[in-house]
Amino acid sequence: MFQFDNSYARLPDRFYASVYPEPVEGPVLLKFNEALAAELKIEADLTDPKRLAAMLAGNVVPQGAAPIAMAYAGHQFGSFVPQLGDGRAILLGEVVDASGRRRDIQLKGSGPTPFSRRGDGRAALGPVLREYIFSEAMHALGIRATRALAAVATGEPVYRERVEPGAIFVRVAASHVRIGTFQFFAARGDNEAIRLLADYVIGRHYPELEGTEKPYLALLRAVALAQADLVARWLGIGFVHGVMNTDNMTISGETIDFGPCALLDEYDPMKVFSSIDHMGRYAYRNQPGIAQWNIARLAECLLPLLDEDQDKAVDEANAVLKEFGEHFQARWLEVFRAKIGLFRQEEGDGDLVQALLGAMHEGQADFTLAFRRLCDAAEGSDEAFLSGFSEPEKAREWLATWRERLAKEPQSDEVRAAAMRTVNPAVIPRNHRIEEAIVAATAGDMQPFERLLAALERPYEDIAEFADFTVPPKPEERVMKTFCGT
Ligand code: AMP
Ligand code: MG
């Protein structure tokens, strides 16, 4: 079914543990992403869903697979854990997709591995569907993320706070190499492995750096810029990752490990959803600073490769960290400039954006709706936009300042509004609708999940059939906390 071409499994033994998925009782295919399968050149026999389910649940290991659990370490909420690793995930193998890109096929929730510690190696249906929805929603929103190939029910219970149906998530990633993968070897003083891993990720993700004068410094810089870009885009849609530990940050620049992530409803820069983030470490506004902190941890791992003179290496790494900050600022401004419909750059644009965000915070405006309705305001209808603020006066004043700024640009209202609608989504995976889909699926009804997924495929369009997904939660529907899969 898969045309595997595995490369990570050819790295030395200490990079992973070879381990087979543990078969499950009654695999049932809940969802299969046919479009992604085609992109990955997977030949899936949809007329035999039983066999497909058995394969995607790990009961039948497909030909050519070299199943491994990857070794990694990581800083979890700031504390270093020298060994984490794939405790409930198994990399089946890699395929080369239709456009020549190498992609990992991973089963998540496929049973214990040598890295499971006290965990059961399993996943519950709720978190699996959450990750499915978010992966595909992010992709449709134009934000780099790991993808969802399938969700399979296992027919077995998993024991969390209560008994829940078990499921397996089939994840597709540019690779699963994380900052924590480098940390695993750095913690062991294994410089040879760090160099092998660095060469591997350069070859796989940043081939243009091969053979350049300082490839490892260039690698650090490339990862830093990719992450700065990613986090700027996250902020642009109100995304709160929730667990930005160094093991949940990729080298490729894809969003990964959607555990307790969520999108803002009303705008609050200090918003935290995750039930385990007591200190607000990973709050919406803290994400760029945390990403930079994580890149600093990557830099530490790479120091031995940067220069024999370690003082010089530290200086070079620090310069990259500084560049991260500048790049993030520039990308953030670019993202938000587009959101408020500016085509040109001018001094003071950042203040204009901040003033809007300030009014949104004060007026408890829904993040997504405010920007989407601003597209209508660009064409002269302010009512809907203003009605989203508890105190519309500030917002009205802001509109006036905004219009003075717009007057300096030649574009017509129609052109501006159309451009704004391509960056300000109408439909996002709102927490209460995800919850609704999960509750229904747990009771055996996949219809709400299917409908939500369909709506999320074209987030920048106004589709009458899906208008209900644009509505923020009523006070009693609001999801205050989200939970990890563990
Ligand atoms: P995560 O919270 O998904 O980023 O995972 C952090 C670490 O805990 C990783 O090493 C996971 O493999 C491990 N882990 C999470 N859930 C389980 C589980 N149910 N069984 C075994 N290991 C787990
Ligand atoms: Mg993780």
Without swapping roles, check the side chain of [X] against the backbone of [Y] for a donor-acceptor pair under 3.5 Å.
| X | Y | answer |
| --- | --- | --- |
| Gln310 | Leu303 | yes |
| Ser116 | Asp120 | no |
| Asn33 | Ala150 | no |
| Ser99 | Arg101 | no |
| Gln287 | Phe239 | yes |
| Thr442 | Ile438 | yes |
| Asn248 | Asp257 | no |

On a heavy-atom basis, which atom in [X] and which in [Y] lie closest, and how many Å separate them?
| X | Y | value |
| --- | --- | --- |
| Ala419 | Thr422 | O-OG1, 2.6 Å |
| Ala44 | Met1 | CA-SD, 4.0 Å |
| Ile133 | Pro429 | CG2-CB, 3.9 Å |
| Pro425 | Ile428 | CG-CG2, 3.8 Å |
| Val158 | Gly166 | CG1-CA, 3.9 Å |
| Glu164 | Ala124 | OE1-CB, 3.5 Å |

Exceeds 12 heavy-atom contacts within 6.0 angstrom, atom [atom1] of [X]:
| X | atom1 | result |
| --- | --- | --- |
| Met270 | CE | yes |
| Lys312 | NZ | no |
| Arg117 | CZ | yes |
| Arg221 | CZ | no |
| Glu43 | CD | no |
| Glu208 | CD | yes |

Going through the distances and angles, do Arg103 and Leu36 end up as a side-chain contact (heavy atoms from CB on, under 4.5 Å)? CA-CA 11 Å; Arg103 317 271 290 267; Leu36 181 61; 3.8 Å; yes

Answer yes or no for Lys271 and Tyr284: cation-pi contact, defined as NZ/CZ to six-membered ring centre under 6.0 Å and angle to ring axis within 45°. no

Is [Y] close to [X] at the side-chain level, that is, under 4.5 Å between some pair of heavy atoms?
| X | Y | answer |
| --- | --- | --- |
| Lys481 | Phe273 | no |
| Tyr206 | Pro215 | no |
| Ile90 | Val19 | yes |
| Leu52 | Asp48 | no |
| Phe328 | Val231 | yes |
| Ile105 | Leu40 | yes |
| Arg88 | Thr113 | no |
| Gln183 | Leu298 | no |

Pairs in or reaching into residues 4-25: which pass side-chain hydrogen bond (donor to acceptor under 3.5 Å, both in side chains), with residues at least two apart or in two chains? Asp5-Arg102, Ser7-Glu94, Ser7-Tyr200, Arg14-Asp190

Quick one: which residue pairs count as a side-chain hydrogen bond (donor to acceptor under 3.5 Å, both in side chains) with a foot in residues 140-154, not counting sequence neighbours? Glu136-Arg147, His139-Arg147

Once you round to the nearest 0.5 Å, how far does [atom1] of [X] lie from [atom2] of [Y]?
| X | Y | atom1 | atom2 | value |
| --- | --- | --- | --- | --- |
| Asp307 | Asp315 | CG | CG | 9.5 Å |
| Asp86 | Phe115 | CG | CZ | 7.5 Å |
| Leu225 | Leu230 | CG | CG | 12.5 Å |
| Lys339 | Arg372 | NZ | CZ | 10.0 Å |
| Phe371 | Asn424 | CZ | CG | 6.5 Å |
| Asn191 | Cys301 | CG | SG | 10.0 Å |

Got a salt bridge between [X] and [Y], using NZ or NE/NH1/NH2 to carboxylate O under 4.0 Å?
| X | Y | answer |
| --- | --- | --- |
| Lys50 | Asp45 | no |
| Arg430 | Asp265 | yes |
| Arg451 | Glu465 | no |
| Arg204 | Asp199 | no |
| Arg331 | Glu334 | yes |
| Glu461 | Arg421 | no |
| Asp247 | Arg178 | no |

Look at the aromatic rings of Trp293 and His75 and report parallel, tilted or perpendicular, splitting at 30° and 60°. perpendicular

Mutual orientation of the aromatic rings belonging to Phe466 and Phe469 [parallel < 30°, tilted 30-60°, perpendicular > 60°]: tilted

With salt bridge (charged side-chain N to carboxylate O under 4.0 Å, His left out) as the test, would you mind laying out the steps for Arg433 and Glu436 before giving the verdict? CA-CA 5 Å; Arg433 303 308 298 264; Glu436 175 195 59; 3.0 Å; yes

For side-chain contact (heavy atoms from CB on, under 4.5 Å), just list the numbers for Phe169 and Leu149, CA-CA rounded to whole Å, side-chain angles, deciding distance to a tenth of an Å, and then say yes or no. CA-CA 8 Å; Phe169 181 65; Leu149 180 62; over 6 Å; no

Trace of the side-chain contact (heavy atoms from CB on, under 4.5 Å) decision for Leu91 with Met70: CA-CA 8 Å; Leu91 175 64; Met70 289 166 70; 4.1 Å; yes

Asp104 vs Arg171, salt bridge (charged side-chain N to carboxylate O under 4.0 Å, His left out): CA-CA, chis, key distance, verdict: CA-CA 8 Å; Asp104 277 3; Arg171 177 156 80 181; over 6 Å; no

Do Asn245 and Tyr282 pair up side chain to side chain, a donor and an acceptor below 3.5 Å, judged on atom types alone? yes

For His241 and Thr255, test the side chains for any donor-to-acceptor distance below 3.5 angstrom and give the result as yes or no. no

Pairs where residues 275-296 contributes a residue and the test salt bridge (Lys or Arg N to Asp or Glu O under 4.0 Å) is met, not counting sequence neighbours: none

Check against side-chain contact (heavy atoms from CB on, under 4.5 Å), Val314 and Asp311: CA-CA 5 Å; Val314 169; Asp311 289 338; 5.6 Å; no

Verify the ring-centre separation between Phe185 and Phe15: is it less than 6.0 angstrom? yes

